[in-house]
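What follows is one structure encoded as structure tokens, with my remarks underneath.
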Amino acid sequence: MKKNMILISAITLTLIGCGSSTNGHSNKEYIKDIAIPPTTNSYKPDDGRLLASACYGCHGTNGVSVTKWDSIAGEDELYKEMHEKKGIMEIQAKGYTKIEIAAMENFLKRLPKAEKEEKDDEHEKEKDDD
Amino acid sequence: MKRRDFFKFLGISAIATSIPAAAKTIKPKVVIIGGGYGGRTVAKYLKIWAGDSVDVTLIDKDKYFTSPILSNLVLNGQKNINELRFDYSKTRSKYKINFINKTASFIDKKNKRVFFDNKNFINYDKLVLATGIDFIKTNNYDFNKVPHAWIAGEQTLLLKRKIDNLHNGDTFVLTIPKAPYRCPPGPYERACVVADYLKNKKHLHVNVVVLDENDDILVEKESFQKAFDRYGIEYKSNAKVTHVDDSHLIVTYEQQGVSKHLKAALLNVIPNQKAAPIVINSHLTDSSNFAPVDLRSYESTIAKDIYIVGDSHKSTQPKAGHIANVEAKICADAILRSLNGYELYPKPKTNSACYSPLSSSTATWLTAVYEYDEGSKSMKKVSGGAGKESSKNYKEMFNWTGNLFFDTFG
């Protein structure tokens with residue numbers, strides 16, 4: 001696998017905030033920008049990459065989360081991670097075979113781990129309601 | 001010829017500057033119509049996965065897309081609509097995607113061209129239609145008087161203003177279309193969010209009536225039923241809207257063969273739905289009014305090299321933003337496989353996740369995984385479930401949308 005395939009170089013966290021919030025959450029709180037330039041100039045199919053991309057709606061592009069939810073870039077224990085969670089993740093985990101998860105992990109583990117900007121509130125996560 | 005035609009078009013457009021000067025070799029051209037969850041994701045992932053080897057152009061009539069996801073929170077004042085608007089600056093600068101801010105009016109399938117008017121067009125090798133929904137009206141009435149607010153934007157703001165004009169003793173009627181429609185939990189969510197707002201924030205006694213053409217609450221029944229009971233929402237199933245009187249705000253509906261009328265101070269009719277006009281006018285739909293596709297690629301089963309993702313396509317999957325984002329990646333990958341001479345991935349999977357607010361501080365969720373089934377050539381649900389109403393889920397909702405917005409528009 002070419003090294004330049006996915007180089008999330010310089011994970012620059014910049015805030016873009018347009019529009020103000022009347023109350024509660026503003027854009028600044030949940031829309032952040034991570035520069036992920038397209039670094040490949042040719043296409044090679046990768047089943048693991050395709051399967052893993054279905055996770056990015058919740059875990060961020062190329063597995064780099066911009067919210068309190070986990071980043072999965074660099075994840076090398078995907079099966080365990082998927083199966084120890086409750087709520088939505090528990091149901092998602094049931095939908096994938098071991099072979100599919102292995103293919104996803106094979107792709108994700110080669111991505112550079114995302115810098116953890118905010119510490120997850122593990123306590124809150126554990127008492128996840130379902 | 002192709003290049004010349006393309007530059008002929010560019011000559012009359014401001015997007016000429018967005019074409020890199022080095023683009024001398026002929027690259028496959030993918031043209032995408034529609035900049036919502038489906039279209040924006042197809043464009044972005046074509047570039048992430050194939051970089052400069054593919055030329056990607058996105059066409060949308062608007063300068064920004066307004067997310068229907070979270071738009072019910074504009075109605076109760078928890079969100080400002082500006083927070084749900086996503087322009088095309090990132091799409092253009094970060095991913096080098098050409099953006100044409102025009103209405104695509106028709107497709108010349110034979111010559112592979114998208115026309116903007118009788119003269120101006122753009123050529124494509126692959127065309128993606130991510131054009132969302134259109135409405136089937138019962139009769140000719142004015143959406144300004146009876147808003148749908150089911151395509152977010154001005155309609156959302158209009159409905160918000162009308163909700164804020166309600167008084168004690170008024171009746172607010174919300175009607176739910178026959179499935180399939182965009183965002184299955186959405187109308188039930190809206191009924192709850194608005195009822196909560198009127199009752200607990202505005203301290204008004206407004207009768208909230210829900211007319212549902214379906215025979216029961218379609219999703220998350222337990223959560224929605226409980227919330228309906230709490231707010232005193234009057235829910236009528238099998239209630240098919242047959243006429244809308246926009247001057248007197250009277251909705252006529254049929255229930256068990258009996259025609260009934262209901263007068264409201266505010267009517268929010270969410271009409272039945274079909275694929276967007278360009279999909280229907282290009283003869284890409286069947287009797288369902290949606291476009292049949294090969295669900296391994298989202299390529300039309302009617303026309304080669306045309307792909308339909310998101311709400312306009314026909315399948316067992318829900319019509320919703322999150323799953324459109326996932327379908328879009330399968331479509332982008334399939335297009336790249338096709339352009340580069342690879343076989344399709346045989347067993348794609350999609351997933352859907354969605355939080356639904358039930359008040360200004362609580363939400364529930366719904367999720368599923370779908371798998372391509374070779375035998376039936378359809379998407380089969382292989383896992384699914386729903387959450388319970390909680391304030392924690394309300395907070396989690398923004399962790400979900402934060403990443404979904406970023407993955408689609410960022």
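Everything quoted here is computed from the prediction, not taken from an experiment. Worth knowing before you read on, the calculation uses all heavy atoms, side chains too, and leaves out hydrogens, waters and symmetry mates. Residue numbering restarts at 1 for every chain, and letters A, B, ... go by the order of the sequence lines.
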Between A:Asp47 and B:Lys349, is there a salt bridge with N-O shorter than 4.0 Å? no
Closest heavy-atom pair and its distance - [X], [Y]:
X	Y	value
B:Ile330	A:Leu50	CA-CD1, 4.0 Å
B:Tyr45	A:Asn62	OH-N, 4.3 Å
B:Phe406	A:Thr61	CE2-N, 3.5 Å
B:Val369	A:Gly95	CG1-O, 3.8 Å

Distance from [X] atom [atom1] to [Y] atom [atom2], nearest 0.5 Å?
X	Y	atom1	atom2	answer
B:Asn399	A:His59	CG	NE2	10.5 Å
B:Thr41	A:Tyr56	OG1	OH	13.0 Å
B:Asp407	A:Cys58	CG	SG	9.5 Å

Chain A contact via [X] - side chain, backbone, both or neither, heavy atoms under 4.5 Å:
X	value
B:Ala368	backbone
B:Glu343	neither
B:Lys44	side chain
B:Ser352	backbone

Answer whether the closest heavy-atom distance between the side chains of [X] and [Y] falls below 4.5 Å.
X	Y	answer
B:Tyr342	A:Lys44	yes
B:Glu396	A:Trp69	yes
B:Trp365	A:Ile91	yes

Could you have a look at A:Pro45, A:Cys55, A:Ala93 and say which one has the most heavy-atom pairs with chain B under 4.5 angstrom? A:Pro45
Does either side chain, that of A:Gln92 or that of B:Ser383, offer a donor lying less than 3.5 Å from an acceptor on the other one? no
Side chain of B:Lys329, backbone of A:Ser53: donor and acceptor closer than 3.5 Å? yes
Using only atom types and a distance under 3.5 Å, with no angle test, would you say the side chain of A:Thr67 pairs donor to acceptor with the backbone of B:Asn403? no
Shorter than 4.5 Å, heavy atoms on both sides: which option in [options] has the most such pairs with chain A?
options	value
B:Asn351, B:Leu339, B:Val382, B:Asn325	B:Asn351
B:Ala353, B:Gly384, B:Pro348	B:Gly384
B:Leu336, B:Leu366, B:Leu404	B:Leu336

Output every pair passing salt bridge (Lys or Arg N to Asp or Glu O under 4.0 Å) with a member in residues 53-63 of chain A, not counting sequence neighbours, ordered by first then second residue. none
Quick check on B:Lys347: does its NZ atom have over 12 non-hydrogen neighbours (other residues, nucleotides or ligands) under 6.0 Å away? yes
Residue set satisfying salt bridge (charged side-chain N to carboxylate O under 4.0 Å, His left out) with B:Lys226, at least two apart, ordered chain then number -> none
Show your reasoning for whether side chain to side chain contact (heavy atoms under 4.5 Å, CB included) applies to B:Trp400 and A:Ile88. CA-CA 11 Å; B:Trp400 165 60; A:Ile88 290 179; over 6 Å; no
Test side-chain hydrogen bond (donor to acceptor under 3.5 Å, both in side chains) on B:Asp333 and A:Tyr43; report intermediate values, then the result. CA-CA 9 Å; B:Asp333 191 62; A:Tyr43 172 81; 2.6 Å; yes
